[in-house]
Amino acid sequence: MTSRERILEQIRQNKPAALEKPESIRFDGGYQDTESKFIETLTAIYTEVIIVKSHAELAQKAEELYASVVNRASTLPSLAGWSDFSLNIADPHELELIEIAIVEAEFGVAENGAVWISDKYLPHRALPFITQNLAFVIPRKALVNNMHDAYARLSDTTGWGCFIAGPSKTADIEQSLVIGAHGARSMVIFLMDEDLDI
Amino acid sequence: MSKAIIEHAEASETFNKDEPYVNWHDETLWFVRQKRDKSSKQLPEWEPLRSAASNIKNYVLSNMDELLISFEQKAKENGIHVHWAADAAEHNEIVLGLLKKHNIDKMVKSKSMLTEECHMNEFLIKNGIEVIDTDLGERIVQLRQEPPSHIVLPAIHLKKKDIGDLFHEHLGTEAGATDPQYLTEAARQHLRDKFLTRRAALTGVNFAIAETGGFVVCTNEGNADMGAHLADIHIACMGFEKIIPKQEDLGVFLRLLARSATGQPVTTYSSHFKKPRDGQEMHIVIVDNGRSTQLGRADFRNSLKCIRCGACMNTCPVYRRSGGHSYHNAVAGPIGSILAPNLDMTKNADLPFVSTLCGSCSNVCPVKIDIHDQLYKWRQVLVKGGHVPQAKEIGVKAMSLVLSQPRFYQWSGRLGRSVMRTIPFVVNNGLNPWFKQREMPEAPKESFRDWYVRNRKN
């Protein structure tokens, strides 16, 4: 008998009597204003939220915020002129040089400030982790209240996807919070009125 | 650890020698518990959420085999290789075999309590594999050659001076430096180099989803993702109880996990792996290692509902004042004390007694495990099985003799009170365990019973 068969057999013998699958549960966020809650939550986790009307305004803001920075990458065609680092590479290790990446993402969650990003939006999974600084651009209307709503919206997760809430952090040294553990040292979220490309 | 086991009581005695240090440890963990309270109270639906999580996990226990089979099938369809390990040794061999197949002798690892349970690092190192723990806390304890003292906060027992000295020695930071920002930056640089040069990454699994064949890994630092997305081969190791039925169930668990653990609304990264990226190999190792036996123990199977948030440790008055290492088990604290006897009743017989049975652990548990009841029940099992030291057994029997005979009990009380009043040095000394870390109370002249009998007559 293989380990697989042995484990499954022992589970069958030892498991408790069958139970019905509990009904799906979904609590309402009950926030008066989802966007204000989203911004409030992100501010508390060291993330700046900037509202922009259009791609043009986004490009202008990006220019202002990261004026002196080199090795800028973006997945947005409207920021092609702003970028100086091509994501068209074969080996993700080369992304190590990136200082700032501005990446389109799908939606945000008000209760915890998490933003959903997936293979659908990324040429390389490593990008949002390896870049020194990270910014997401999401449609202003793409905000949900809580994680129940998030999973209701997320019918599939493609090959890989991630909720990212703020910059990378650790408190492993005497519970002192330090921003910038292994991933992004800073995080900005652009909420955009205009439609995105995907 | 292969070292001889020092029982909890003895280890805590050492831990308690430095009073300001113990007070600091106690307060630090209580602070984390308070953050959990604050965070949970922001959700009016907190209690129903706990019930929902508990119900889902009960369903999982009762349908474990079907859920695992469904998970395996979906994962395979998604291009993931699935392995099954009956015990720690088989798990370790599978991991070693995969590395050897790819001619890899260096690996990065993110947090996995399962690999701690299996003592995988020691095994791989013995077989010529270098393993680098990449979670900052885990890297710290690895450099100190000791196990994590807490499942969520691995280096919670250390002061920043200890870490400064350690990094000065191993990472070349300035002597005497203690600034957490500076020390963390040094670790970031040191570990970035490892991420960029290692071809294999091992991660744990927080949740495995039967419906999709995917799995979720939660970190705050981003180390699991840094490792996995840069490596040619990603190995994810899970105890089989990590399974949940549906993706939407994550809505319940991710709302509870970080709030219970550190008071954050969610971990910074909740990474959902489903298919390997192009050119990458992805493996899942599903481990039993005693879990199927625990599933058969009606009184203790609920311990398999645990989602490893650590809330029971932060709240436990005994854990906070004895430290994780005193528990000599990969998982310390109240939950560790109900999991450990299943792994080895002889070695871990002391652990279910490491509790005041105050019940705080059960009250904070996000999946409603009856931890303190199980601690109590393990005590019965261990005494009946002859796993408890004779001194303890004799003590308990003597107590039972006294308590079961009212006259004898009254006489003993009178004798005790009179001894404490007239010759207090007999009890106020190091031979009396009740005298440790505390003063004995002043003995009253009479018992409540005597007082009651006297006053009722009047």
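Chain identifiers are assigned alphabetically (A, B, ...) following the order of the sequence lines, protein sequences preceding nucleic acid strands; residue numbering begins at 1 within each chain. The structure presented is a predicted model; accordingly, all values stated were derived computationally and were not measured.
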- Do you know which two heavy atoms are closest between B:Cys218 and B:Val216, and how far apart they sit? SG-CG1, 4.0 Å
- Note on the structure: In terms of heavy-atom pairs under 4.5 Å with chain A, the winner among B:Asp225, B:Ile163, B:Asn55, B:Asp87 is B:Asp225
- Quick one: what part of A:Thr2 sits under 4.5 Å from any heavy atom of chain B, side chain, backbone, both or neither? neither
- Using non-hydrogen atoms only, which part of B:Lys57 is less than 4.5 Å away from chain A: side chain, backbone, both, or neither? neither
- Query: Are the side chain of A:Thr75 and the backbone of A:Glu104 linked by a donor-acceptor contact shorter than 3.5 Å?
  - Reply: yes
- Message: Checking the side chain of B:Gln280 only, and the main-chain atoms of B:Ala228 only, is there a donor and an acceptor separated by less than 3.5 Å?
- Response: yes
- Whether A:Asn14 side chain and B:Ser292 backbone form a donor-acceptor pair below 3.5 Å: yes
- Item | Ring geometry between B:Phe273 and B:Phe215 (parallel below 30°, tilted from 30 to 60°, perpendicular above 60°) | parallel
- Taking atom NZ of B:Lys159 as the centre, report whether more than 12 heavy atoms of other residues, nucleotides or ligands fall under 6.0 Å from it. yes
- Per-residue contact mode, B:Pro245 against chain A (heavy atom under 4.5 angstrom): side chain
- Tell me, for B:Arg192 versus chain A, whether the close heavy atoms (under 4.5 Å) come from the side chain, the backbone, both or neither. side chain
- Let me know if B:Leu191 has heavy atoms under 4.5 Å from chain A in its side chain, its backbone, both or neither. side chain
- Task: Go through A:Gly29, A:Pro128, A:Gly183, A:Gly113 and name the one with the most non-hydrogen pairs under 4.5 angstrom from chain B.
- Result: A:Gly183
- Item | Under 4.5 Å from a heavy atom of chain A, the part of B:Gln189 involved | side chain
- Residue B:Leu68 versus chain A: region with a heavy atom under 4.5 Å: side chain
- Task: Could you tell me whether the side chain of A:Ser168 and the main chain of A:His182 form a donor-acceptor pair under 3.5 Å?
- Result: yes
- Message: Out of B:Ile69, B:Thr184, B:Val252, return the one with the most heavy atom pairs under 4.5 angstrom to chain A.
- Response: B:Thr184
- Let me know if A:Ala150 has heavy atoms under 4.5 Å from chain B in its side chain, its backbone, both or neither. neither
- Query: Looking at B:Lys111 and B:Glu138, does any basic side-chain N land under 4.0 Å from a carboxylate oxygen?
  - Reply: no
- Message: If you count heavy-atom pairs within less than 4.5 Å of chain A, which of B:Gln264, B:His157, B:Glu248 leads?
- Response: B:Glu248
- Query: Heavy-atom distance under 4.5 Å to chain A: side chain of B:Gln42, backbone, both or neither?
  - Reply: neither
- Item | Heavy-atom proximity to chain A below 4.5 Å, by part of B:Thr262 | neither
- Message: Using a strict threshold of under 4.0 Å (side-chain N to carboxylate O), is an ion pair present between A:Glu35 and A:Arg140?
- Response: yes
- Query: B:Arg277 versus chain A, heavy atoms under 4.5 Å apart: side chain, backbone, both or neither?
  - Reply: both
- Identify which part of B:Asn78 has an atom lying under 4.5 Å from any heavy atom of chain A, answering side chain, backbone, both or neither. neither
- Message: Heavy-atom cut-off 4.5 Å, strictly under: side chain, backbone, both or neither for A:Asn146 against chain B?
- Response: side chain
- Option in B:Ala85, B:Gly279, B:Ala86, B:Pro44 with maximal non-hydrogen atom pairs under 4.5 Å from chain A: B:Ala86
- If you tally heavy-atom pairs under 4.5 Å between each of A:Lys15, A:Glu96, A:Arg4 and chain B, the highest tally belongs to A:Arg4
- By a 4.5 Å heavy-atom criterion (distance strictly below it), what part of A:Gln175 contacts chain B: side chain, backbone, both, or neither? side chain
- Item | Region of B:Leu49 that comes under 4.5 Å of a non-hydrogen atom in chain A | both
- Message: With a sphere of 6.0 Å drawn around CD of A:Gln32, does it hold more than 12 non-hydrogen atoms of other residues, nucleotides or ligands?
- Response: no
- Message: Check this for me: A:Phe107, atom CZ, are more than 12 non-hydrogen atoms of other residues, nucleotides or ligands nearer than 6.0 Å?
- Response: yes
- Query: With respect to chain B, which residue among A:Gln132, A:Arg6, A:Glu9 yields the maximal number of heavy-atom pairs within a distance under 4.5 Å?
  - Reply: A:Gln132
- Would you call A:Asp149 and A:Arg26 a salt bridge, using N to O less than 4.0 angstrom? yes
- Task: Could you tell me whether A:Asp193 and A:Lys53 make a salt bridge, using a distance below 4.0 angstrom between a side-chain N and a carboxylate O?
- Result: no
- Message: Tell me which of these, A:Met147, A:Gln13, A:Met187, A:His148, has more heavy-atom pairs under 4.5 Å with chain B than the rest.
- Response: A:His148
- Item | chain A contacts, top residue of B:Ala258, B:Gly222, B:Gly137 (heavy-atom pairs, under 4.5 Å) | B:Gly137
- Checked B:Leu196, B:Asp249, B:Asp288 vs chain A; the most non-hydrogen pairs under 4.5 Å come from B:Leu196
- Item | Part of A:Leu177 within contact of chain B (heavy atom distance under 4.5 Å) | neither
- Message: For A:Glu111, is there an ion pair with B:Arg259 - N to carboxylate O distance below 4.0 angstrom?
- Response: yes
- Message: Around atom NZ of B:Lys161, are there more than 12 heavy atoms from other residues, nucleotides or ligands closer than 6.0 Å?
- Response: no
